[in-house]
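The next block holds one structure in the form of structure tokens; read it before the comments.
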Amino acid sequence: MYKQQPLTFFFLFIFATCAAISAQAEPQPESLPQVQTQAQSKTQDQTQAQQAPPGQPLLQKQLEQLYFEDAAHMGTDPIYAIGPLLELYKKNQYRLLWQEKQKIDELHQAVLASAEDGLTPADYHLQFIDSCLKSPEERLSTQELVTRDILLSDAFLLLGEHNRHGKVNIHDAPDKKGLLGTEMPQVDVTFYLSALSENKVLPALSGLTPQTEAYTNLKRGLAHYLAIADKGDWPPIPDGGKGLKLGMSSSRIPLIRERLFLTGELTQGELKNNRYDKDLAAAVQIFQERNGLEPDGVAGKSTIAAMNVPIETRIQQIRANMERIRWILHGMPPSALIVDIAGFRLNYFHNNTLAWTTRVMVGRPLNQTPVFRSAINYLVLNPTWTVPPDMLKKEVIPRIITNRSYLQNENLKVYTFQGEEVNARGIDWASYKDKGFPYVLQQEPGPDNSLGRIKFMFPNPYHVYLHDTPSKSLFSRNTRALSHGCIRVQSPLDLGRMIVDHDANSKMSVKQYDAILAAGKTTGFALKTPLPVFLVYTTARAEEDIVFFNPDVYDRDEAVIKALNRPPRALEQATIPAETLKTEKEQPDNHEENSL
């Protein structure tokens, strides 16, 4: 923490007071030496004043005053990074940092360029920086030099941290807290001081943005959409009731052609042509694929609605997803699983290369899959599945009451909490509709088990994990928010083989893995090297400058966009209370996920 205890300053004051009283109590020298001592002291003070860098005492005093203000300001400009500023200048012995015009010019360029990253240049004292470039330094008073230095450094630190970790505060977007781990990242003031010392302000700030293809492609996409917006919004397409398809004619078709031409799905043909030809059908299909719609080539209601989403809305959506990337893609490990919740996909990266990808199902809007990071530390082959208490009460018991064959059909058995099997026929199921059930309902392993033949476990407080499913047909759906919160993987056995094969120094081989699966016995084994896993929520991604949009199934974009568009919060250095993480061994089975 940057703040020192106020008691420190109190004790310094007491110490100084006692020293002064002690000095007064000492015997005074004769008059001539006393005069000489005063003269020497005066000369020494003048020498020290001449040797002190310009503004040094005032700069220190100003920063200390700002530090204890509830809402620090320099004039009308708020100060956002007072804690890091105090440490920065302390390391520089409270000397001014912005006396070279080149540094100010580079900061000005970086602040203007922040718009290309979906940030707001005005957040970084842009108006003040503009005025600095118009005011010759030799005409500035010491106070003005100090004010200028603090505000320029504040803009430098704030933009750097926003480039590196994102602008949105964890209090405004809970997803960010889940991804950052248990502590807020600390500001590395040594990095910023080195950049200033080496006159590398612009390269330093540019280098703090994520240097990944995912980010740079979205940045290109944002530039493309901003260029379209400069010419105005695309034309609205009226809802004509029925869908348009190959061979049909309509006055709406030229508007559809113009709309698809702007975003690049349609590259040829006469825009005023009102006939739905093969070129247009192919362009509509591409648009549907890029917007998370069923790619049937028919311009129906959902497709027309997606075409009519205003370009400003799409721009804000791109900005929100660039921000989300800033939360996680710094220090990304070379091997990791990334589950894209809104995109319904899992990507497996091995040694910095996309090694494999597959479809997934995620939680329904009422059972949302959370955003967080963890690491897969063990796998369970041929797992059993225990019905969670909430699901047991709301869904399973009512089904048993109306269908006595339900337990047998679903291969469910009743056990005591000590593991002893109970005769289900002797249970008065109706009596437990509104009270706690004193037993455990467990599904035996097998191909029809709700968890399929494998599950992938990683510590988290949400009891969420990856697993197989017998409901394979559901993967053909375009929107796959269908589970109770866990992630169902389309080809989990292949994923398990790759993880085992890549787990260096593991005692488990792929051959053993396949043999255990074939035997059908429930078996768990730990990974020698836990595999990082990121559960992220992405509603826009890009390839080159082509942007793909996913439906915002959990309505999470709005909070991120609002936080991006409001004035920034002060940089926080507080520690977030650690979540209580439990491994599967510590979790009771009755928290496992349902796939019925």
For residues 419-426, dump all side-chain donor-acceptor pairs below 3.5 Å to protein atoms at least two apart in sequence or in another chain.
| residue | atom | partner | partner atom | Å |
| --- | --- | --- | --- | --- |
| Asn423 | OD1 | Arg425 | N | 3.0 |

What pairs of donor and acceptor atoms, side-chain ones from residues 524-536 against any protein atom, are under 3.5 angstrom apart with sequence neighbours left out?
none

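Side-chain contact of Asn565 with Thr120: a donor-acceptor pair under 3.5 Å is absent, judged by distance alone. Using modelled atom types, one finds a donor on one side chain and an acceptor on the other under 3.5 Å when comparing Arg345 with Thr357.
The aromatic rings of Phe437 and Trp429 sit parallel to each other, their planes meeting at less than 30°, with 60° as the upper class boundary. Ring orientation note: the planes of Phe549 and Tyr225 are nearly perpendicular, at an angle over 60° on the 30°/60° scale.
The residues Lys472 and Asp468 are annotated as salt-bridged, a charged nitrogen and a carboxylate oxygen being separated by less than 4.0 angstrom.
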(message) Apply salt bridge (Lys or Arg N to Asp or Glu O under 4.0 Å) to residues Asp557 and Arg319 and explain how you reach the verdict.
(response) CA-CA 10 Å; Asp557 279 349; Arg319 292 178 66 227; over 6 Å; no
(request) Apply the test salt bridge (Lys or Arg N to Asp or Glu O under 4.0 Å) to residues Asp501 and Arg497: give CA-CA distance (whole Å), side-chain angles for both, the deciding distance (0.1 Å), then the verdict. (result) CA-CA 6 Å; Asp501 190 40; Arg497 288 187 185 93; over 6 Å; no
(message) Glu323 vs Arg326, test: salt bridge (Lys or Arg N to Asp or Glu O under 4.0 Å). Steps then yes/no.
(response) CA-CA 5 Å; Glu323 171 72 8; Arg326 288 189 285 265; 2.8 Å; yes
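When the ring-ring contact (aromatic ring centres under 6.0 Å, His included) test is applied to Phe349, no partner is found at least two apart in sequence or on another chain. Every residue two or more places apart in sequence or in another chain that forms a side-chain hydrogen bond (donor to acceptor under 3.5 Å, both in side chains) with Tyr348 is listed here: His502. Checked against ring-ring contact (aromatic ring centres under 6.0 Å, His included), Tyr192 has the following partners two or more places apart in sequence or in another chain: Phe156.
Within 6.0 Å of the CD atom in Gln211, the count of heavy atoms belonging to other residues, nucleotides or ligands exceeds 12.
For residues 160-172, every residue pair satisfying the salt bridge (charged side-chain N to carboxylate O under 4.0 Å, His left out) rule, not counting sequence neighbours, is listed here: Asp123-Lys167, Asp172-Arg566, Asp172-Arg569.
Of all non-hydrogen atoms in Met361 and Ser471, the two that sit nearest each other are CE-O, 3.4 Å.
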